[in-house]
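Since the structure comes first, as C-alpha cells, the remarks are kept for the end.
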Amino acid sequence: METNPKKAGASGGEVLDGSDIMELVENKEVFGHFVDHKFQELDRDRDGQLSVNELKPAVADIGAALGLPVQGSSPDSDHIYSEVLNEFTHGKQEKVNKVEFKEVLSDILLGMAAGLKRDPIVILRIDGEDLLEYINGPTFEAEMVAAHSLIESAAGTLQDCIIKAFELLTVEQGMPPSSDPWVVSNIVEPALQSCAGPDWNKPVSQETFLVEFKKVAEYVAQLLREQHVIVAHSENTFDGSGIKRLLSNKFELDKTLNAAIETAPKDRTGKISKEYLRVALDVVAPSAGLPPLGAVEQMDKIVLDVFNLTNADDAKLLKEDEFKKILTEILGTIMLQLEGSPISVYSNSVVHEPLASSSTLLQVQPSS
C-alpha cells in the first residue's frame, strides 16, 4: 500500500523548525535574561561558577530537548551526554563561569536550531478521527484488499493478518506506529482482545478479513479518542539541491573545504591521505544538505559507490589542493546521483512524555 508521508505534515500539528530557538538566541536581551536565570538556577552553592555536578541537570535537559533517552539507559546516548558535558568543561575544567556557560549554550542551541531547520519535526496528535475517516473513505476497501494479498502468505491466521495490516498503516491514515510498545499494549492488543472471535486462529478469506479488520480498526479509533497519541513526524528529501547550492558559491565552497581539512592529519610535507576523505565528507555534509554517514542507509550506499568509483580508499597521499579537488568531484558525483534518483526518508516516533515537560531547557522565565 503506497502512502505519501508528506500529507501527514499538512493535516495539522505543531511544526518544530528551530525558528523559536533562533529567535531566542539572536535576541541578546532575552537570551541574556534566559542565561542569567538558568545559571542562577544551576548554581546551588552561589559561588558564581558551575561545577560538573551542577552542570548535570543542564546536560540532562539538553539531552531531553534532543530527544535522547534518559542518561544511563543507553551507551550510545550516554556518549552524547558526555560529549555535551565536555563542551562546557573542555574535558578538563572543574568549574565553568557564566560567560563560558553562555557561549557553549548558545553554540548548542544554534546547532539544534540548524538541525531542526534542515529536518523540521511535526508534532501530530492522533485522536482517532483521521482513522475513522479513512475506514469509511473510498480507498479503504481497495487498499485493504491489496494489503491482504501482500500478507496472507506470510501471515496465515486472521489475527496475524490483522496485526500485519496495522503495520502497513501510517499517520496519514490516522494510525500511530503500531510497532511502538506503548501503542501495542494500550491500543492494538486491547482492540484485538475485544474483537477476537472463535475462528481468529484459522486461515480466512479476503471477505472475512475485510469485515474483521474494519471492526478492529473502529475499536482502535475509539481507544485513540480516549487516549490521544502524540507522534513526532520528520521527513527529508535528498535531491542534490544542497550540493548544487554549495558548488555554485565559490566563497562558501572554499570556506567549507578549508574547514574540512583544517584538522586533517598531515605528513611532514603537508600531504593528506585519501583515507581521510570520508571524515572530510562528513564535515562538509551539513553545508551540502547531506546526512551524516551512517544515518541513512540509501545515502551510505551512494557514497560507497562513489568512493569506489574514485578509488578514494587507496591511501594515496595528496597535496591540499588535490585533496580538495577530489572531495569536490565526489560531491558533484553524489549530486548527479541524487538528481537522478532522489532519496526520501521519514520517521514517526511516539512521544511518551508531555511536550511541555520533557525538557525545561527552553522555558524562558518572564522578566521582573
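- In this structure, the separation between CG on Leu317 and OG1 on Thr269 is 7.0 Å, given to the nearest 0.5 Å.
- Counting heavy atoms from C-beta outward, Glu339 and Asp239 have side chains that stay 4.5 Å or more apart.
- Judged by distance alone, with hydrogens and angles left aside, the side-chain atoms of Lys274 form no donor-acceptor pair with the main-chain N or O of Leu318 at under 3.5 Å.
- The backbone N or O of Thr170 lies less than 3.5 Å from a partner atom in the side chain of Gln173, making a donor-acceptor pair.
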Practice item. Start with the C-alpha gap between Ser51 and Asn53, add the side-chain angles, then the distance that decides, and say whether side chain to side chain donor-acceptor pair (under 3.5 Å) holds. Key: CA-CA 5 Å; Ser51 66; Asn53 282 335; 5.4 Å; no

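- Between Phe213 and Phe140, the two ring planes are parallel [angle under 30°; tilted spans 30° to 60°].
- Lys214 contributes atom NZ, which lies 13.5 Å from atom SG of Cys195 (distance to the nearest 0.5 angstrom).
- The cluster map of Ile, Leu, Val, Met, Phe, Trp and Tyr, joined by side-chain heavy atoms under 4.5 Å apart, puts Ile163 and Leu169 in the same cluster.
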Practice item. Carefully, step by step, assess Glu172 and Tyr134 under the rule side chain to side chain donor-acceptor pair (under 3.5 Å). Key: CA-CA 9 Å; Glu172 181 189 11; Tyr134 172 67; over 6 Å; no

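- Side-chain contact check for Ile126 versus Ile230: every heavy-atom pair is 4.5 Å or farther apart.
- A salt bridge (charged side-chain N to carboxylate O under 4.0 Å, His left out) check over residues 288-311, counting only residues at least two apart or in different chains, returns the pairs Lys301-Asp305.
- Ion pairing between Asp43 and Lys98 fails under the 4.0 Å rule for side-chain N and carboxylate O.
- Judged by distance alone, with hydrogens and angles left aside, the side-chain atoms of Asn27 form no donor-acceptor pair with the main-chain N or O of Glu23 at under 3.5 Å.
- With Thr310 contributing its side chain and Val306 its backbone, the two residues share a donor-acceptor pair below 3.5 Å.
- Ion pairing between Asp160 and Lys164 fails under the 4.0 Å rule for side-chain N and carboxylate O.
- A 4.5 Å side-chain heavy-atom check between Val350 and Pro177 finds at least one atom pair inside the cut-off.
- Using a cut-off of 4.0 Å between Lys/Arg side-chain N and Asp/Glu carboxylate O, Glu212 and Lys215 are scored as salt-bridged.
- Residue Phe209 holds its CZ atom at 6.0 Å from SG of Cys161, rounded to the nearest 0.5 Å.
- Using a distance-only test at 3.5 Å, with no hydrogens or angles considered, a donor-acceptor pair links the side chain of Glu54 to the main chain of Arg44.
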**Study point:** side-chain contact (heavy atoms from CB on, under 4.5 Å) evaluation trace for Asn258 with Lys255
**Key:** CA-CA 5 Å; Asn258 288 333; Lys255 178 182 170 185; 5.8 Å; no

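- Between the CE atom of Met299 and the CD1 atom of Ile302 there is a distance of 5.5 Å, given to the nearest 0.5 Å.
- Closest approach of Pro342 to Thr237, counting heavy atoms only: CB-CG2, 4.2 Å.
- Closest approach of Phe307 and Ile330 over heavy atoms only: CE1-CG2, 3.9 Å.
- The structure places OG1 of Thr157 at 9.5 Å from CH2 of Trp200, a figure rounded to the nearest 0.5 Å.
- Distance check, rounded to the nearest 0.5 Å: CG of Leu223 to CD of Glu189 gives 12.0 Å.
- With respect to the salt-bridge test (charged N to carboxylate O, under 4.0 angstrom), the residues Asp267 and Lys319 do not qualify.
- Note: Phe101 and Phe88 have parallel aromatic rings, judged against thresholds of 30 and 60 degrees for the angle between ring planes.
- For the pair Asn308 (side chain) and Leu304 (backbone), a donor-acceptor distance under 3.5 Å is present.
- Atom CZ of Arg225 has more than 12 heavy atoms from other residues, nucleotides or ligands within 6.0 Å.
- Checking side-chain atoms of Asn97 against main-chain N and O of Glu100 turns up a donor-acceptor pair under 3.5 Å.
- More than 12 heavy atoms of other shown residues, nucleotides or ligands fall within 6.0 angstrom of atom CD in Gln298.
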